[in-house]
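Supplied in structure tokens, the structure appears directly below.
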Amino acid sequence: MEKYMPQQIEKKWQAKWQESNVYKTEMDASRPKYYALEMFPYPSGNLHMGHVRNYSIGDVLARYKTMEGFNVLHPMGFDAFGMPAENAAIKNGVKPSDWTFSNIDNMKRQQREMGLSYDWDREVQTCRQDYYRWTQWLFQLFYKRGLAYKKKAYVNWCDTCGTVLANEQVIDGQCWRCDSVVVKKDLSQWFLKITDYADVLLKDLDLLQGWPERVRIMQENWIGRSEGLEFELEAPELGEKIAAYTTRPDTVYGITFLALAAEHPLVEKICAKSGKAEEIKAFVKKVQSQSDIERTSSESEKEGIGTGLYVVNPFNGNKAEIWITNYVLADYGTGAVIGVPSEDQRDWMFATKYGIEKIITLQPKGQTLVLEEMTEAYTDKAGVLVNSAEFSGMDIKAAMKGIMDKAEAEGFGKRRVNYRLRDWLISRQRYWGAPIPVIYCDDCGEVLVPEDQLPVKLPEDVDFKQGSVSPLAQSKSFVNCTCPKCGKPARRETDTMDTFICSSWYYLRYTDPHNENIPFDKDKVNYWAPVDQYIGGIEHAILHLLYSRFFTKVLKDAGMVDFPEPFTNLLTQGMVLKDGSKMSKSKGNVVSPEEIIGKYGADTARLFILFAAPVDRDLDWSDQGVEGSFRFLRRVWRILEIFEDKIKNAPDEYDVSSLTPEEKELRHVLHVTIQKVTEDIKERFMFNTAISSIMELVNAFYGFQNSTDVNAGLVREVAVNLMKMLAPFVPHITEELWSVLIGEGSVHTQKWPGFDEEAIKTAEVEIVLQINGKVRDRIMIASNIDKSAMEEAAKANKRVQELTEGKTIVKMICVPNKLVNVVVK
RNA sequence: GCCGAAGUGGCGGAAUUGGCAGACGCAGCAGACUCAAAAUCUGCCGUUGGCAACAACGUGCCGGUUCGACCCCGGCCUUCGGCACCA
């Protein structure tokens, strides 16, 4: 055998695998399937270590499941629409498509150099017409089902990106991509009605037992369900009823004002009637000029302006002044909030600031609150109602029920569930995305582009000069069209879709990527999907994972898939850090995968990244650690080289009973390792400990490096299983060793090894002897002996005798094959 | 503020169901091989005391349960992540 030369053998095997198409998968209803999926990347141009980690984890699973006998689907593709391509066009004059495709080519090359077992025939690229045609088709499906609509609304606008953003894409009031401060704009935009599915998206989180709990909790919080009462308060001077929503109906007798959002639809009418029109308008203008950060920070000052107009509390006929405020959100509940200063801290501060009356309607048990002595609201949800007409004297629970019943009986209110989740704003005023397939006609209004005319293609005659808003709007050939209904001249929608739409269904397209008639065949999708194991970063906990769940539920309702959830199991990998912080160009701590692979080979890179930390924890990159992984592979190579002749010439079957005690011990270690590695991969995703136990096996193997007369059958057994167990982690070196030493077939198509129960058993075990819980000695005893025999062995021990002399043995605790604890006084 | 996760040697981490704390690796130290170095192989490697056998201490802090606690319970501290005027 020659020296271990990773670069040579890796290139060789990558070429062979590609040539023989070994990773191609076909549907086969007679075999159990396994769908392993890593989140597809944005084609930024180069893989980073996060990708390497992501794909290494997925590849181990895919290869392992294949060896276990599953029909494994393991595809890869590119989330290829988006701003960076367009920015490159603006900056360098490159066409977004050229920029994207050349980046894809480079990243695919890098992925191939990692030795990943993808079925490249199934690749999808969301920016290609054969894909976005179906993205548009799905948009129309949503439209036809009443789930896509256009409305004028105050939306998030990023000036730097020149486009609107979804709520999920605003992080701390800033654009998720460029960190610019997001402002509100009143625009007419397309939305998907994800709120229709809020309830089921929340409820079905229970089905996702294979997801990390924290991700489920994050989604639960994001959806934010609350129950309460919505009721109407009459405003006689306006001739209107104003609806308000509260989760504390028990406090309604304490209402002393009504707070409206600055964007509330009645603000204009209020101005007309109030006599303070100019002041109110000035206040509203000031509020709207504030950024989201200023407006939504809980520390920021609550401000408002009294309108002099009032509403009537329908429960007790009390008058309450209407205030316009900076803290009520227009798009949650009804945009109007009852003010109950004595039982809500924010209302308390607001009322104190503006001299608004406070009424106590709730008293804690065994205590009497007096307004003059209070310095803050009483917000505990416990106590007895006072000043609340027929509800006085009731506890909160009874009062809540009674008050809501009353509102419903008298017809001015209704129980209601509210969600924090808002509809998904999907319009983007950008070029490099899937055009929204809608036409506007002066006579017919909003018309869908007929299905046989899909895709609505992106035009080529586009000007990307910086600052130009919505490049598509400038392409006359794109905008001008005829109405599919009446044939008159019409205009095309010039907005494209949020790229998160493209990524909300790609995992379904992989099951049938070349279908030209429908997005995917029902039989195929129901065979392969849902994804058995999805792997990706925690940063998608809400965005992509919530949108994909929504899509799947709509497609299920449309009869296109039979399953309610797209991803049965989710693994959220940790980040790859260097020197304790995230790798970034600005910090200058980036380690390039290409460089590492060039120096040590892909196997070393994969091994290190899987060994250095558990998959779900952050991993600190260590150049010395990489050296260690490389050393281990050389060590494997060398021990097999030492035994080359024995391995090649030994039979597969041999007489195990003829082994020496030392050889039996090696065989014991082998089978314990098989058991441990199998469990670590299959049950626990603990690849780091799986690798460490393989290292222990190799260490044990080295104990025989100078034993020329060691049993050849055993050596072959150890070598064969060592190669098989390492194969999912380091596919190239194991394939090379397999071809040299075994010769037949590929290591990757071998059956995953089982372990021999007999070999795992041992005649003797070491047990610990404790006195009062402290370890005092260790002895070898026969395994699986009964309790009394263990006690006898402990009592016979010299150390135990010495240390218990003159003391009384209270009791003895025996744990089979582990320990005896002698309790003495 | 609310919700969640984590805290173990010089470092990454292990201990799967309450049962030997520190597997495996990195770094370090020593030996073998070598003219020498590198590479490789072998051994040592939590702290303190001791020639040693061994003893005491030790999993963020304080307390509890237990024969026995990194693990369970109560109360804190620190770090990280998510949400944050949602009425």
Side-chain angles (χ1 to χ4, degrees), chain A residues 171-172 212-222 224-226 228-229 244-248 251 259 261 295-302 325-329 331-340 344-347 349-350 418-422 538-539 541-542 575 607-608 611-614 616-629 631-632 634-635 638 676 679-680 683-684 686 688-696 698-699 702-703 705-706 766-778 799 810-824:
Chain A
I171 318 275
D172 295 333
E213 198 187 355
R214 62 175 176 151
V215 176
R216 294 205 308 263
I217 289 171
M218 278 161 77
Q219 291 213 354
E220 193 180 315
N221 292 341
W222 187 261
R225 185 180 198 273
S226 74
L229 176 71
Y245 172 75
T246 179
T247 53
R248 289 291 303 274
T251 66
R295 276 190 74 176
T296 60
S297 160
S298 49
E299 279 98 63
S300 74
E301 188 71 15
K302 275 79 184 141
T325 68
N326 67 344
Y327 68 85
V328 175
L329 303 172
D331 58 353
Y332 182 78
T334 62
V337 178
I338 55 171
V340 186
D344 181 282
Q345 184 56 23
R346 189 188 46 204
D347 294 349
M349 295 195 300
F350 192 80
N418 253 313
Y419 296 94
R420 214 191 65 103
L421 182 72
R422 309 296 148 87
I538 185 75
E539 67 273 17
I542 291 169
M575 284 190 299
L607 187 71
F608 168 73
F611 175 63
D616 56 353
R617 221 186 285 184
D618 286 351
L619 176 157
D620 210 352
W621 186 266
S622 151
D623 291 328
Q624 285 165 330
V626 179
E627 284 278 355
S629 292
R631 260 200 305 265
F632 170 70
R634 269 204 309 228
R635 216 166 129 77
R638 204 174 313 111
K676 164 97 175 135
E679 203 181 289
D680 278 355
E683 319 282 343
R684 306 204 305 148
M686 291 287 282
N688 55 331
T689 53
I691 292 166
S692 74
S693 54
I694 297 174
M695 287 173 169
E696 287 180 75
V698 171
N699 290 347
Y702 262 87
Q705 60 180 312
N706 300 318
E766 187 185 71
I767 65 160
V768 167
L769 299 181
Q770 293 184 338
I771 292 167
N772 290 343
K774 293 205 179 238
V775 179
R776 293 303 177 195
D777 206 356
R778 289 153 227 263
R799 294 263 309 144
V810 182
K811 61 174 162 176
M812 294 178 93
I813 286 142
C814 299
V815 181
N817 297 334
K818 286 224 167 101
L819 64 81
V820 178
N821 186 12
V822 185
V823 186
V824 295

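Within every chain, numbering begins at 1; the chains are lettered A, B, ... in the order of the sequence lines, protein sequences first and strands thereafter.
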Sugar-phosphate, base or nothing in reach of A:Val337, heavy atoms under 4.0 Å: base
Expected output: side-chain A:Asn418 to main-chain A:Ser226 donor-acceptor under 3.5 Å: no
Sugar-phosphate only, base, or nothing, as touched by A:Arg799 at under 4.0 Å among non-hydrogen atoms: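 Sugar-phosphate contact only.
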Integer angstrom distance from the C1' of B:G19 to that of B:G12: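 Nearest-Å result for B:G19 against B:G12 at atom C1': 27 Å.
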Any-strand Watson-Crick or G-U partner of B:G19, both distances under 3.5 Å: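 Because both required distances fall under 3.5 Å, B:G19 counts as paired with B:C67.
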Given RNA chain B, 5'-ward residue of the pair A:Ile338 and A:Gly625, judged by closest heavy atom: A:Gly625
Syn/anti label of B:G9 as read from its glycosidic torsion, with the cut at 90° from 0: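 Glycosidic conformation of B:G9: syn.
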Donor-acceptor pair (no angle test) under 3.5 Å: A:Gln770 side chain, B:G19 base: yes
Side-chain N or O of A:Lys302 closer than 4.0 Å to phosphate OP1/OP2 of B:C85: no
Main-chain N/O of A:Gly339 paired to A:Asp344 side chain as donor or acceptor, under 3.5 Å: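 Not a single qualifying donor-acceptor pair exists.
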Base-pairing mate for B:C29 - Watson-Crick or G-U, with both contacts under 3.5 Å: B:G43
Sugar-phosphate only, base, or nothing, as touched by A:Glu683 at under 4.0 Å among non-hydrogen atoms: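 A:Glu683: no heavy atom of the nucleic acid under 4.0 Å.
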Pair partner, B:C2 [Watson-Crick or wobble, under 3.5 Å]: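 Paired with B:G82.
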Spacing of the P atoms in B:C61 and B:C77 (rounded, Å):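 Comparing P positions in B:C77 and B:C61 gives a spacing of 15 Å.
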Sugar-phosphate, base or nothing in reach of A:Ser622, heavy atoms under 4.0 Å: nothing
Touch class at under 4.0 angstrom, heavy-atom based, for A:Asp618 against every strand present: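 Sugar-phosphate only.
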Whole-Å distance separating the OH atom of A:Tyr702 from the P atom of B:U40: 10 Å
Residue-phosphate contact under 4.0 Å: A:Tyr245 side-chain N/O, B:C86 OP1/OP2: no
Distance between P atoms of B:A53 and B:C45 (Å, rounded):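 It comes out at 11 Å once rounded to the nearest Å.
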Spacing of A:Arg420 atom CZ and A:Leu329 atom CG [to the nearest 0.5 Å]: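 Answer rounded to 0.5 Å: 10.0 Å.
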Below 4.0 Å: OP1/OP2 of B:A87 and any side-chain N or O of A:Ser226: yes
Closest contact, heavy atoms only, A:Phe611 versus A:Ser692: CE1-CB, 3.9 Å
Sugar-phosphate, base or nothing in reach of A:Gly224, heavy atoms under 4.0 Å: nothing
A:Met575 to A:Asp618 - nearest heavy-atom pair and separation: N-OD1, 2.8 Å
A:Lys774 vs B:C57: side-chain N/O to OP1/OP2 distance below 4.0 Å: yes
Sugar-phosphate, base or nothing in reach of A:Val328, heavy atoms under 4.0 Å: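 Result for A:Val328 = base.
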Side-chain N,O (A:Arg631) to OP1/OP2 (B:C26) below 4.0 Å: yes
C1' spacing across the pair B:U66 / B:C73, given as an integer number of angstrom: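 So the two C1' atoms sit 12 Å from each other.
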Under 4.0 angstrom between A:Arg638 side-chain N/O and B:C41 OP1 or OP2: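 Yes, A:Arg638 has a side-chain N/O under 4.0 Å of OP1/OP2 on B:C41.
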Pairwise C1' distance, B:U34 and B:C44 [rounded to whole Å]: 23 Å
Short side-chain N/O contact to B:C54 OP1/OP2 from A:Arg776, under 4.0 Å: no
Touch class at under 4.0 angstrom, heavy-atom based, for A:Met686 against every strand present: sugar-phosphate
Touch class at under 4.0 angstrom, heavy-atom based, for A:Glu679 against every strand present: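 The residue A:Glu679 makes base contact.
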Below 4.0 Å: OP1/OP2 of B:A87 and any side-chain N or O of A:Tyr332: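 Looking at the OP1 and OP2 atoms of B:A87, one of them is under 4.0 Å from a side-chain N or O of A:Tyr332.
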Heavy-atom pair of closest approach, residues A:Val215 and A:Ile538: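 Nearest heavy atoms, A:Val215 then A:Ile538: CG2-CD1, 3.7 Å.
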Between B:C26 (P) and A:Asn699 (CG): distance, integer Å: 10 Å
Distance-minimising heavy-atom pair for A:Asn821 and A:Gly773: OD1-N, 2.9 Å
Stacked cation flag A:Arg346 on A:Tyr327, 6.0 angstrom / 45 deg: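 Judged by the rule, A:Arg346 and A:Tyr327 form no cation-pi pair.
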Whole-Å distance separating the CE atom of A:Met575 from the P atom of B:C80: 12 Å
Side-chain N or O of A:Asn688 closer than 4.0 Å to phosphate OP1/OP2 of B:A23: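 Answer is no, no contact under 4.0 Å.
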Strand partner of B:C51, provided both Watson-Crick or wobble distances fall under 3.5 Å: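 Matched B:C51 with nothing under the 3.5 Å cut-off.
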Over all atoms of both residues, closest heavy-atom pair of A:Gln219 and A:Ala541: NE2-O, 2.9 Å
Sugar-phosphate, base or nothing in reach of A:Ile813, heavy atoms under 4.0 Å: base
For atom CD of A:Glu627 and atom P of B:G12, their distance in whole Å: 20 Å
Residue-phosphate contact under 4.0 Å: A:Arg617 side-chain N/O, B:A14 OP1/OP2: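 Affirmative; the distance criterion is met.
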Nearest atoms (heavy-atom pairs only) where A:Asn817 meets A:Ile767: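 Reported closest heavy-atom pair: C-CG2, 3.7 Å.
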B:G58 to B:A69 separation - P atoms, rounded to the nearest Å: 11 Å
Atom C1', compared across B:C71 and B:G7: separation rounded to whole Å: 14 Å
Of A:Gly773 and A:Leu619, the one whose closest RNA chain B nucleotide lies more 5': A:Leu619
Base paired to B:G74 (Watson-Crick or G-U; both N/O distances under 3.5 angstrom): B:C62
No-H, no-angle donor-acceptor pair, A:Arg248 side chain to B:A87 base, under 3.5 Å: no
Touch class at under 4.0 angstrom, heavy-atom based, for A:Asp344 against every strand present: nothing
A:Arg420 side chain near B:A87 phosphate (N/O to OP1/OP2, under 4.0 Å):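 Checking B:A87 against A:Arg420, no side-chain N or O comes under 4.0 Å of OP1 or OP2.
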Paired nucleotide for B:C35 [Watson-Crick or G-U wobble; both distances under 3.5 Å]: none
Length of the CD-P vector between A:Gln345 and B:A87, whole Å: 16 Å
hbond_proxy A:Asn821 side chain to B:C67 base (donor-acceptor, 3.5 Å cutoff): yes
P gap between B:G28 and B:U79, integer Å: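 Their P atoms lie roughly 32 Å apart.
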Value in whole Å for how far the P atom of B:C26 lies from CZ of A:Arg635: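 So the CZ-P distance, A:Arg635 to B:C26, works out to 9 Å.
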OP1 or OP2 of B:G81 under 4.0 Å from side-chain N/O of A:Arg214: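 No, A:Arg214 has no side-chain N/O under 4.0 Å of OP1/OP2 on B:G81.
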